[in-house]
Amino acid sequence: MTAVAAPSVASLVQSVDWLAIAPPTIAAVVALVVLVADLFLGERRKALLGWVSVAGLAAAALALLPLLDGDRSTFCLKTLKGEQAACSYTADHFTLVIQFLVLAGALLTALLSITGIADAKNTPRALPEGEFWFLLLSSAAGAALLPASRDLATLVVALEVASLPAFALVGIKRDDRRSSEAALKFFLSSVTATAVTLLGVSFVYATTGTLHLTRIATALTHVDGQFHTLAQAGVVLTLVGFAFKTAAAPFHFWVPDTYVGAPLPVAAYLSVIGKAVGFSGIILVTVVAFPSYADVWGPALAALAALTMTVGNVAALRQQATRAYSAVRLLAWSSVGQAGYLLVPIAAAAYSKDADKAIGSTVAYALMYAAVNLGAFAVAALVARTKPLNRISDYRGLYRSRPLAALVLGFFLLCLAGLPPGIIGLFAKVTVFSAAVDAGLGWLAVVMAVNVVIALYYYLQWTATLFRSAEGEQAVQRVPAPLTAAIGLTAVIGVALSGAPQMVLRFASTGLF
């Protein structure tokens, strides 16, 4: 009995490649350090927690450098001969690009948060610092884990580790009804989407007998006819949770209220890192796990893309400049529209012979969007320090009081619109448009072109507001260093990307899988 059982047991023993898992692990460890340190630090020294968090996120991002030499995998099942059969964690090029986006985005969010927490200190709007930094780092750790996940169980766990702290971050403003309502709406809709996704995962497991993505891809090519419908249902339902994270219509309804109710840095985090999580999951389950069911998810994602960009842009177009929080609402609806553009190349991958190139278009667009959208939220955070209602009309005459901030915001808005001098925005949209045309999705390219024209109106309208003459005196305050750093970094990245847009596409699409 012992001789027979030994090889089977040995096949379950897994070695851990600590270097491969270093980025999410560092973020998780620093989160625990911050939580414990919060118990022992006095109120005057709690500001140190923010800088420890920034340093931890920077260290996690730097941990990506040793992984550039080649693909690494860990938590692998082995055959009786000792060969790798399937792995749960893989640090390939796709993983590293998305992890860089997540950790760099979380780092910029942390810089914004340091200023926001300091401004709210000793006021009724004060935020609990230890809890805030622990939740942000925990969510970032889950978001960094997700693109490396190569089985459905790890994918779902990573998705929830990224999401659960985000619910608490949205509702962290105590005694604020808007914040509590936003967190509740976000939580209930997300839990429903997760339940549907788990149902889909169970269907996939029932038809394939495995949770590893590569094994699922193989098993789905020869599913028995009686299980074909069950497999199709599993594919569609599995996509629902990730579609929710990307704010794809009709799963987008939580976005505007959540962004308005959350602290502004948290809204910025959700708009970028939340989308990175969702799109990473969609890419992994479609291109890696379900390629043989492209006839199911391809049309579904194409329809989602068209609906999402249309709903987002039309809603953004209807925002009134004098309405409270209209600037944040416009950015929220704009992010829904941008999600539609990001879905286009993933849908195109179902019809394309070169899926890597199509997915590379999405990743390149995501990198551009992350930089400029975080920058737009950073300038919004600057304006909110003197105009807490953050209306679009509050930006009137910003060029006169803060010329550099106005120029930077104008540049970010033009990037999102896809107009020069925001070359990177134009390049990203052309790349996505080309992916749709090359895949034979001419109708989707037409829908995208119409939506780009719609978006031009509200982006240019906001840009023009920055340079109009102001009504009355504009209050000017000293800009804190962390906020200045966040605005400056996003501006430098945006300008650099506009100077070498082709480099972004090459970096994003070379050997993704």
Side-chain angles (χ1 to χ4, degrees), residues 93-94 97-98 147 200 204 213-214 216-223 228-229 231-240 242-243 246 248-251 275 278-312 337-366 368-369 418 427-452 504-506 508-513:
H93 186 71
F94 171 79
V97 172
I98 301 300
V204 172
L213 303 185
T214 51
I216 289 172
T218 303
L220 285 178
T221 58
H222 48 78
V223 173
H228 183 62
T229 302
Q232 285 183 323
V235 169
V236 173
L237 293 175
T238 302
L239 292 175
V240 169
F242 299 106
T246 63
F251 312 107
K275 279 186 173 48
F279 282 108
S280 300
I282 288 177
I283 289 169
L284 288 173
V285 296
T286 53
V287 177
V288 179
F290 305 147
S292 58
Y293 277 68
D295 59 328
V296 175
W297 56 261
L301 290 182
L304 275 181
L307 179 63
T308 301
M309 66 177 74
T310 303
V311 168
Q338 298 288 342
Y341 304 145
L342 284 160
L343 281 170
V344 170
I346 306 178
Y351 305 90
S352 175
K353 295 181 180 179
D354 188 357
D356 261 18
K357 183 179 178 182
I359 297 305
S361 299
T362 288
V363 176
Y365 197 105
M368 178 282 299
Y369 169 77
F427 178 81
K429 281 185 170 56
V430 170
T431 302
V432 169
F433 189 86
S434 298
V437 173
D438 292 343
L441 295 173
W443 68 270
L444 186 56
V446 171
V447 173
M448 179 180 171
V450 171
N451 274 277
V452 168
V504 182
L505 182 61
R506 192 180 303 115
S509 58
T510 303
L512 280 178
F513 297 107

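The first residue in the sequence is number 1, and the count goes up from there. The analysis underlying the following values was restricted to heavy atoms, covering all of them including side chains, and did not include hydrogens, waters or symmetry mates.
Between G200 and T238, the shortest heavy-atom contact is C-OG1, 3.3 Å. For the pair T308 and A249, the tightest heavy-atom approach, listed with the atom from each and the gap, is OG1-N, 2.9 Å. For the residue pair A289 and L220, the shortest heavy atom distance occurs at O-CD1, 3.8 Å. In plain terms, the two heavy atoms of A302 and L444 that are nearest each other are O-CD1, 3.7 Å. Heavy-atom minimum distance, N451 versus T310: OD1-CA, 3.0 Å. A pairwise comparison of heavy atoms in M368 and A428 identifies CE-CB, 3.9 Å as the closest pair.
Residues Q232 and W297 are not in side-chain contact: their nearest non-hydrogen atoms beyond the backbone lie 4.5 Å or more apart. By the 4.5 Å heavy-atom criterion applied to side chains, I282 and L301 are counted as neighbours. In this structure, V287 and P291 have side chains that are not in contact, with every pair of non-hydrogen atoms separated by 4.5 Å or more. In this structure, the side chains of P250 and L304 come closer than 4.5 Å at one or more pairs of heavy atoms. A heavy-atom distance below 4.5 Å is found between the side chains of F94 and L284. Side-chain contact between F290 and V296 is absent, with no heavy atoms from C-beta onward closer than 4.5 Å. Residues Y351 and P299 are in side-chain contact: their nearest non-hydrogen atoms beyond the backbone lie under 4.5 Å apart. With a 4.5 Å cut-off on side-chain heavy atoms, Y365 and Q338 count as touching.
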Assess the residue pair V452 and M309 against the criterion (side chain to side chain contact (heavy atoms under 4.5 Å, CB included)); give the C-alpha distance rounded to whole Å, side-chain angles, the decisive distance to 0.1 Å, and a yes or no.
CA-CA 9 Å; V452 168; M309 66 177 74; over 6 Å; no
Could you go through the side chain to side chain contact (heavy atoms under 4.5 Å, CB included) check for Y293 and V223 one step at a time?
CA-CA 11 Å; Y293 277 68; V223 173; 4.1 Å; yes
I'd like to know whether K275 forms a side chain to side chain contact (heavy atoms under 4.5 Å, CB included) with Y369, so could you lay out the CA-CA distance, the side-chain angles of the two residues, the decisive distance to 0.1 Å, and finally the verdict.
CA-CA 10 Å; K275 279 186 173 48; Y369 169 77; 3.8 Å; yes
Please walk me through it: do L342 and T246 pass side chain to side chain contact (heavy atoms under 4.5 Å, CB included)?
CA-CA 9 Å; L342 284 160; T246 63; over 6 Å; no
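Taken from CG in L343 to CE in M448, the straight-line distance is 11.5 Å, to the nearest 0.5 Å. Note that CZ of F433 and OG1 of T431 are 12.0 Å apart. Values are rounded to the nearest 0.5 Å. Atoms OG and NZ, on S434 and K357 in that order, are 7.5 Å from each other to the nearest 0.5 Å. The structure places OG1 of T362 at 5.5 Å from CD1 of I283, a figure rounded to the nearest 0.5 Å. Distance OG1/T286 to CZ/F242: 10.0 Å, rounded to 0.5 Å.
Counting only N and O atoms by type, the side chains of S352 and D438 include no donor and acceptor under 3.5 Å apart.
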